[in-house]
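In what follows, a single structure is set out as structure tokens and then discussed.
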Amino acid sequence: MQVTEFISVSDLASLMNIKPADVIKACMSLGIFVSINQRLDAELIEVVASEFNYEVQFISAEEQVEVEEEELDDPKDLVWRQPIVTVMGHVDHGKTSLLDFIRSANVAEGEAGGITQHIGAYEVKVGEDNDKEITFLDTPGHEAFTAMRARGAKVTDIAIIVIAADDSIMPQTREAISHAQAAGVPIVFAINKIDKPGADPERIKNELAQMNLLVESWGGKYQSQDISAKKGENVDKLLEKVLLEAELLELKANPARRAIGTVLEASLDKGRGYVTKMLVENGTLHDGDPIIAGEFSGKVKAMFNERGKKIKEAGPATPVLVLGLPGAPQAGEKIKVARSDSEAKEIATKRAQIIREQANRASKRISLDEIGRRLALGNFKELNLIVKGDVDGSIEALSDSLIKLSMEKIQVNVIHKAVGQIVDSDVMLASASDAIIIGFQVRPSITARKLAEKEGVEIKMYSIIYEAIEEIKAAMEGMLEPTKEEEIMGQVEIREVYKISKVGTVAGCFVLEGKISRNHYIRIVRDGIVVYPGNANQNAELASLKRFKEDAKEVKSGMECGITIKNFNDIKPGDIIESYVINEVKTMLK
Ligand code: GDP
């Protein structure tokens, strides 16, 4: 049974096809008093469901709403779509200049007015014949990129990381790289300002190599292009490399389906009401479509492109400005076309309810305490950490030791490490990647602390490396599912077999070793081979255990007993019954 955590008593009951009163009774028998509309936590849901023989699998609230909306694409409807690109890099390395140059140089001729509207993104035509397109998000920098990701939006296919060739790899360059890597977005490096005296692109490539980022001309996998954003030199070559990277990604979309996209920005406009700037990601958005974004539902009243032109439809990877929602959804929120107005309304109402609940709940982000609960929910496989410290040496030492805590079931990733204070962008990265921040001999800035509180990001601070490692290790042990280990309890020999009508086949036995108990699992071994149960994953049980006609709880070595086995009668004298129990063992780290 798939359920969301915090499902209400009445919903849980209807899922199990029983009366709410039965769920309430079950809770009462556990000593917990609940009302019919009360929402239950994961642990209680599991226990109650198991009372009624249901095994539960937890899904998130969004997933539940999503499931109902899922629309599958027929592979034959899929067509190539243009890539969506974000430009990132250190301040003053030339991000804005690059975007400006691309915007002015690559607007197709004949389209009057150029780009006049800020709609969060724009499309440019590229390639020799201007026959290819790229969509650029027009807010450069990793802050916006990661803020989007924190909302669960992935609106970037490729990141261009701009590095000034007359400077070197700066803290924000490193951050931008970490943020792109954490998002799993391929990077194309743009080594900028090559027109400047003192520019040395090779030095930058060398620095990248030291970070384990080998560019192609150095025999690595990262594409890079030396450019001058100011003069526009080689920008065309850079865009070709972006297209090449895009081809590798095999970006596909289905223009025939109902549109789905992401809100880039929304605001209240004096004359026009709420305007939503969005990127259509899949499908085609039409004038008049019923749409939902977050808790708002409405109808597309009008759409405009980045040139301020009214359009009737917008296909995959196109940015549009939409009028028609009754409010301003958050940036990063999904925006979808519903089947009908009423469906849009219904989903929006459901969402509003979920949003209220989530707001009521404590933080849902990962924390050391949260780890155990997540594991119980069965969806926790990775522990992401951001390590900030006072000196390089201790960051390296700490990161290495933390990564070494990784084990088969949980991978520890250090997604970003740097010297210095814990700052806002660390918190946003943590929020987007569901990471915990480890501060070694450093403290968060005041704004970062506030932001962490708001986003529910845990910041742990240590001044002794050993303590940091021990604490995380302990949390990970808590979060490990116990492994099951079998313990053999006894060996019992079958000496005689009686067939008794109504009762079945009774074995007259002698306990050779250890003991056998009513609640032990058993298996039957004949000439060294297990003959029952047939499947090693099954556990067979006794139907009865008797001593001198009386039911016995346990029979010890050296004693005789009578045994019947549940669902199995094919026993022979000489067979050995092996009794065992299954212990749950807490996994320890080595
Ligand atoms: P951003 O902070 O990364 O957006 O950087 P800007 O695009 O604002 O550029 C910062 C400064 O570098 C500006 O004064 C630009 O004119 C200058 N700049 C950007 N690209 C180049 C370039 O290719 N060559 C030279 N000489 N200057 C550049």
Side-chain angles (χ1 to χ4, degrees), residues 84-107 114-115 117-122 124 126 134-149 155-156 158-181 183 185-208 211 213 215 217 222-242 264-265 306 319 331 416 418 420 423-426 428-429:
I84 302 163
V85 176
T86 299
V87 176
M88 304 198 264
H90 193 72
V91 62
D92 280 351
H93 278 196
K95 300 180 293 290
T96 315
S97 307
L98 176 62
L99 279 169
D100 285 348
F101 178 81
I102 294 171
R103 184 164 29 209
S104 58
N106 293 73
V107 169
I115 296 167
Q117 302 269 314
H118 165 78
I119 63 166
Y122 51 84
V124 295
V126 291
I134 299 179
T135 300
F136 279 93
L137 290 177
D138 68 5
T139 343
H142 58 264
E143 292 84 0
F145 172 81
T146 296
M148 280 279 187
R149 268 190 71 222
V155 282
T156 300
I158 295 166
I160 294 181
I161 299 209
V162 179
I163 311 171
D166 65 338
D167 201 348
S168 49
I169 296 198
M170 300 299 280
Q172 282 177 14
T173 318
R174 282 176 201 277
E175 271 181 37
I177 293 169
S178 299
H179 285 232
Q181 286 177 331
V185 169
I187 295 171
V188 176
F189 290 104
I191 304 190
N192 191 27
K193 307 198 188 181
I194 52 165
D195 59 296
K196 274 183 108 171
D200 185 357
E202 290 310 301
R203 199 190 61 238
I204 301 292
K205 289 171 200 169
N206 184 13
E207 282 185 48
L208 286 173
M211 293 172 67
L213 302 163
V215 300
S217 59
Y222 290 92
Q223 302 209 58
S224 99
Q225 179 62 50
D226 300 348
I227 61 161
S228 164
K230 200 171 182 178
K231 303 208 157 141
E233 203 179 326
N234 290 344
V235 172
D236 50 346
K237 288 191 183 142
L238 174 70
L239 297 183
E240 271 168 36
K241 290 189 173 169
V242 168
L264 297 174
E265 210 182 289
E306 67 264 39
H416 180 57
V423 292
D424 295 9
S425 71
D426 295 325
M428 287 318 283
L429 178 60

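Indexing begins at 1, ligand by ligand and atom by atom, following the structure's order.
- For the pair Gln223 (side chain) and Lys241 (backbone), a donor-acceptor distance under 3.5 Å is present.
- Not counting sequence neighbours, the partners of Asp166 by the salt bridge (charged side-chain N to carboxylate O under 4.0 Å, His left out) test are Lys196.
- Within the listing of ligand 1, atoms 6 (P), 7 (O), 9 (O), 15 (C), 19 (C), 20 (N) sit less than 4.0 angstrom from a heavy atom of Ser97.
- By the 3.5 Å distance cut-off applied to N or O atoms, Lys193 is counted among the residues near ligand 1.
- Among all non-hydrogen protein atoms, the one lying nearest atom 4 (O) of ligand 1 is Thr96 OG1, 2.4 Å.
- Ion pairing of Lys237 with Glu240 is absent here, as no side-chain N (NZ or NE/NH1/NH2) approaches a carboxylate O to less than 4.0 Å.
- At least one heavy atom of His90 sits less than 4.0 Å from an atom of ligand 1.
- If you look at Asn192 next to ligand 1, the close heavy atoms, those under 4.0 Å, all belong to the side chain.
- Protein heavy atom closest to atom 27 (N) of ligand 1, with residue, atom name and distance, is Lys230 CD, 3.5 Å.
- Nearest protein heavy-atom contact of atom 3 (O) of ligand 1 is Lys95 N, 2.8 Å.
- Regarding atom 23 (O) of ligand 1, its nearest protein heavy-atom neighbour is Ala229 N, 2.9 Å.
- Of the options Leu238, Ile227, Ile194, a side-chain contact (heavy atoms from CB on, under 4.5 Å) to Glu233 is made by Ile194 and by none of the others.
- Ligand 1 has no N or O atom lying under 3.5 Å from any N or O atom of Ile227, backbone or side chain.
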I'd like to know whether Leu213 forms a side-chain contact (heavy atoms from CB on, under 4.5 Å) with Phe189, so could you lay out the CA-CA distance, the side-chain angles of the two residues, the decisive distance to 0.1 Å, and finally the verdict.
CA-CA 10 Å; Leu213 302 163; Phe189 290 104; 4.1 Å; yes
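- Less than 4.0 angstrom separates atom 14 (O) of ligand 1 from none of the non-hydrogen atoms of the protein.
- Listed by number with element, the atoms of ligand 1 under 4.0 Å from a non-hydrogen atom of Val91 are 2 (O).
- Residue Lys95 forms a side-chain contact (heavy atoms from CB on, under 4.5 Å) with just one option from Asn192, Val87, Ile160, and that option is Val87.
- Of all the heavy atoms of His93, the ones lying under 4.0 Å from any atom of ligand 1 belong exclusively to the backbone.
- Every atom of ligand 1 is numbered from 1 in the order shown, and the set under 4.0 Å from a heavy atom of Ser228 is 22 (C), 23 (O), 24 (N).
- The residue from Leu98, Ile169, Val162 that alone fulfils the side-chain contact (heavy atoms from CB on, under 4.5 Å) condition with His93 is Val162.
- Using a cut-off of 4.0 Å between Lys/Arg side-chain N and Asp/Glu carboxylate O, Lys193 and Asp92 are scored as not salt-bridged.
- Among all non-hydrogen protein atoms, the one lying nearest atom 5 (O) of ligand 1 is Gly94 N, 3.1 Å.
- Heavy atoms from other residues, nucleotides or ligands lying under 6.0 Å from CZ of Arg203 number more than 12.
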Run Ile177 and Leu208 through side-chain contact (heavy atoms from CB on, under 4.5 Å) and show every step you take.
CA-CA 10 Å; Ile177 293 169; Leu208 286 173; 4.2 Å; yes
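- Nearest-heavy-atom check against atom 2 (O) of ligand 1 across Val162, Asp92, Ile194 picks out Asp92.
- Looking at Asp195 against ligand 1, only its side chain comes within 4.0 Å, counting heavy atoms.
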